[in-house]
Amino acid sequence: MPGLKKVVFCASLITFTTLLSIFCKTETKSAPEQVKADFDQQLIELQTIVDQKLFKAVQDLNEKAIKQSFLLARAKYKQLEYYIEYFFPSTAVMLNGAPIDEIELGENLIENPTGFQVMEEIIYEEPSKENRLELLNEIKKMQLNLQRVSRFNEQYQLTDAQLFDAIRLEIFRITSLGITGFDTPAALQAIPETASALKGIEDVLVKYDASANKAIAPAIAYLDKNPNFNSFDRLTFITAYLDPISKHINLLRIEKKIPTAASGSALHDDAVTMFQPNAFNVNKFVGNSTLFINDDKIALGKTLFNDPVLSNGGKRSCASCHHQSLAFTDGLTKAAAISKGETLLRNTPTLTYAGLQRGFFYDLKAGTLEDQALDVVHHKQEMDGSLAQASARINTSKTYSTLFQKAYQDKTGKVDPWKIQHALASYIRSLSPFNSKFDRYMRGDKKQLNEEEKKGFNLFMGKAKCGSCHFAPLFNGTPAPLFIKSEAEVLGVPASTDTIKPKIDQDLGRYALYAYPQYKHAFKTSTLRNITKTAPYMHNGVYKTLEQVMDFYNRGGGAGMGITVDNQTLAADKLNLSNTEIKQIIAFLGTLEDLH
């Protein structure tokens, strides 16, 4: 019997130890493992809403249920947005990408849009048999894409660094896109959906700090208390709620000794807010490390920029058309050609902040600043020059020899076309000071903006919908948080200021380079920084004042004015801005002027 008791005792001990081991293993699951498990469960909930509620509502043609289930699905997606956008960016485009065709020029491929934004357009237009069948088809595509996310997620092993980077970037996405209504222009659910996105961030933070909800709860409460899209105070929300959350995320990361991740964003990997000094890593806008800028390259580029040595005949420099006092524009309707009395096709764009974009010229024909420099120097009506010939001339200069030696660590000091292109590009990349009144306000100096300017910012980012194309903080067409693509838009810009019988400007824009119907009259979305210095406006310089520009947008662009623009990407609906609101927006735009 004693032997039997001993055997039973040992068996019981082994069983207890095994169960304890299993229990402890479950309890000690790492934070990334917990987040991944939570995501799987939340993804199932999203799939269930799409499969059982939204799909059925469309089948039943129950319009009220369609909208309710759609908004429910969107809210659940927003809760998972930080994760899907970070780990499955290609699928994220198919789930919630912009409702415009994606054209792959190298492959001559057109990708039709799909996902929530496409569904929203269909749901919020007059219902018909045809568009409800189209909606069912969109839901089926979404079901497949959600299944794809589920399959892909099985293969992922997350790290702490990745999760902290994902939620950091989601705060930036909310700041620049979410609260503007960028992806919900018809339903206008930006404010409640921001609360859902913050709930997703909170779900991550509490895995690392049980009290982390204290950082998120006030922001969600503010959103719940102020749900109106048009009247929402975005400036207060960013500075008093979103930025403190970003700082909390960073402090918690440091406290837990979690390293930064090698982010895909053009911001520095350790940038806490998009508005801090030196938030952007300009070197992330270039192809490789050989193109990185330094002070010597910038100094050399500035000298070349102001020297007519690059042009044929030595009579024109880059500075001839890009005047520093006018934020590197020329104040002309269209740029002056090298031939006396002639003009170029388009208005001269600002070079400030030009280095922080992914395409150059109004038609985006150049992919790098180096290519832009090459094009301008060789253009017959711009500089009519030759970089090879300019190199030969410059090589006779001892001063330039010294400057090139310093910039490129080349003992010979020999000049070649590539070095000239790169030096010019380096100088232009340096023209992003971020020292405007707006920048200073966002960094804590609350005396910088007056009430009119604050109201203007909130209108810009909200009711006027400017911020859904001119993305903060660059206020150009390169969206946060990754800044990996610069966009072009079709606005229907007229040939003159005639609003009675307006006619579209005949410049075909990108279409002249690539004959896709979507590109007809498409032009790059330029930065609004320093816009008070860069009149006249638009690619053709048609508008002399910001008041005229605002009137154009207030009418709904060309299509809103009555011009037939079948491919206009700007909403043709009138904005219904009052004269006071227009003045407030223009007052805000004035705060984007750099201070020296």
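Here the structure is a predicted model, which means the values were calculated and not measured.
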Exercise for review: Give, for atom CD1 of I103 and atom CZ of R510, the distance between the pair rounded to the nearest 0.5 Å.
Suggested key: 7.5 Å
Check your understanding: Which pair of heavy atoms, one from C469 and one from T525, lies closest together, and at what distance?
Key -> O-CG2, 3.5 Å
Check your understanding: What pairs meet the salt bridge (charged side-chain N to carboxylate O under 4.0 Å, His left out) rule with one or both residues in residues 538-553, with sequence neighbours excluded?
Key -> D551-R555
Check your understanding: Heavy-atom count around K56 NZ within 6.0 Å, excluding the residue itself: above 12?
Key -> no
Exercise for review: Looking only at non-hydrogen atoms, find the nearest pair between T527 and T352 and report the distance.
Suggested key: CG2-O, 3.8 Å
Review point. Would one find more than 12 heavy atoms of other residues, nucleotides or ligands at under 6.0 Å from atom NZ of K447?
Key: no
Study note, to complete from the structure: Distance col, row L235:CG vs K454:NZ, nearest 0.5 angstrom, shows 7.0 Å
Exercise for review: Could you tell me whether a side-chain N or O of S246 sits under 3.5 Å from a main-chain N or O of T273, the two making a donor and an acceptor?
Suggested key: no
Review point. Hey, does the side chain of N554 reach the backbone of N576 with a donor-acceptor pair shorter than 3.5 angstrom?
Key: yes
Check residues 178-188 and write down every donor-acceptor pair under 3.5 Å in which the side-chain atom is one partner and the other belongs to a residue at least two apart or another chain.
residue, atom, partner, partner atom, Å
T180, OG1, L177, O, 2.7
T180, OG1, F182, N, 3.2
D183, OD1, R74, NH2, 3.4
D183, OD2, K78, NZ, 2.7
D183, OD2, N96, ND2, 3.0
T184, OG1, E120, OE1, 3.1
T184, OG1, L188, N, 3.4
T184, OG1, Q189, N, 3.2

Review point. Under 3.5 Å, is there a donor-acceptor pair between the T350 and T329 side chains?
Key: no
Check your understanding: Just wondering, are more than 12 heavy atoms of other shown residues or ligands nearer than 6.0 Å to CD in Q324?
Key -> no
Practice item. Determine the interplanar angle of the Y124 and F70 rings, folded into 0 to 90°, and report it as parallel if under 30°, tilted if 30 to 60°, perpendicular if over 60°. Key: perpendicular
Exercise for review: Before giving the answer on side-chain hydrogen bond (donor to acceptor under 3.5 Å, both in side chains), spell out for H521 and N567 the whole-Å C-alpha distance, their side-chain angles and the decisive distance to 0.1 Å.
Suggested key: CA-CA 9 Å; H521 304 294; N567 65 327; over 6 Å; no
Practice item. Any chance you could lay out the side-chain hydrogen bond (donor to acceptor under 3.5 Å, both in side chains) test for E489 and T569, step after step, and finish with the verdict? Key: CA-CA 6 Å; E489 301 286 350; T569 55; 2.5 Å; yes
Check your understanding: Does K365 NZ have over 12 foreign heavy atoms under 6.0 Å away?
Key -> yes
Check your understanding: Taking the inter-plane angle between the rings of Y362 and F523 on a 0 to 90° scale, is it parallel (under 30°), tilted (30 to 60°) or perpendicular (over 60°)?
Key -> perpendicular
**Study point:** side chain to side chain contact (heavy atoms under 4.5 Å, CB included) between M442 and I238, intermediate numbers included
**Key:** CA-CA 9 Å; M442 299 304 284; I238 293 170; 3.6 Å; yes
Review point. With ring centroids as reference points, do F483 and F471 lie under 6.0 angstrom apart?
Key: no
Check your understanding: side chain to side chain contact (heavy atoms under 4.5 Å, CB included) between T564 and D566: does it pass, once the steps are laid out?
Key -> CA-CA 6 Å; T564 300; D566 295 333; 3.6 Å; yes
Revision key, fill the gap. Between the CD1 atom in I201 and the CD atom in Q79, the distance rounded to the nearest 0.5 Å is 11.0 Å
Practice item. Could you point out which residue of T534, I531, N435, T532 forms a side chain to side chain contact (heavy atoms under 4.5 Å, CB included) with E593? Key: T532
Exercise for review: Report yes if the distance between the aromatic ring centroids of Y353 and F475 is under 6.0 Å, otherwise no.
Suggested key: no
**Study point:** Contacts of N112 that satisfy side chain to side chain donor-acceptor pair (under 3.5 Å) - sequence neighbours left out
**Key:** D101
**Study point:** Within 6.0 Å of NZ in K53, more than 12 heavy atoms from elsewhere
**Key:** no
Check your understanding: Is S69 reaching over with its side chain to a backbone N or O of I66, donor-acceptor style, under 3.5 angstrom?
Key -> yes
Practice item. Decide whether S436 and D439 meet the rule of one side-chain donor and one side-chain acceptor closer than 3.5 Å. Key: yes
Exercise for review: Just say parallel, tilted or perpendicular for the rings of F588 and F457, cut-offs at 30° and 60°.
Suggested key: perpendicular
Exercise for review: For F434 and D594, run side chain to side chain contact (heavy atoms under 4.5 Å, CB included): C-alpha distance rounded to whole Å, both residues' side-chain angles, the deciding distance at 0.1 Å, then the answer.
Suggested key: CA-CA 7 Å; F434 289 102; D594 286 315; 5.7 Å; no
Review point. Is K524 paired with D363 through a side-chain N to carboxylate O contact shorter than 4.0 Å?
Key: no
Exercise for review: May I ask you to say whether K455 pairs ionically with E581, meaning some side-chain N is under 4.0 Å from a carboxylate O?
Suggested key: no
Check your understanding: Any salt bridge between R132 and E63, counting N to O under 4.0 Å?
Key -> yes
Check your understanding: CG of N579: more than 12 outside heavy atoms within 6.0 angstrom?
Key -> no
Exercise for review: Answer yes or no on whether R234 is positioned over the face of F229, meaning its NZ or CZ is under 6.0 Å from the six-membered ring centre and within 45° of the axis.
Suggested key: yes
**Study point:** Heavy-atom closest pair, residues A337 and Q381
**Key:** CB-OE1, 3.1 Å
Review point. Is the ring centre of F172 less than 6.0 Å from the ring centre of F275?
Key: no
Point to revise | K485 with E102: basic N within carboxylate O range, under 4.0 Å | key: yes
Review point. Do the two ring centres, one from Y516 and one from Y519, sit under 6.0 Å apart?
Key: yes
Point to revise | Under 3.5 Å side-chain donor-acceptor pair for T580 and S578 | key: no
Check your understanding: Can E138 and T114 be counted as having a side-chain donor-acceptor contact under 3.5 angstrom?
Key -> yes
Point to revise | Donor-acceptor under 3.5 Å (Q506 side chain, I504 main chain) | key: yes
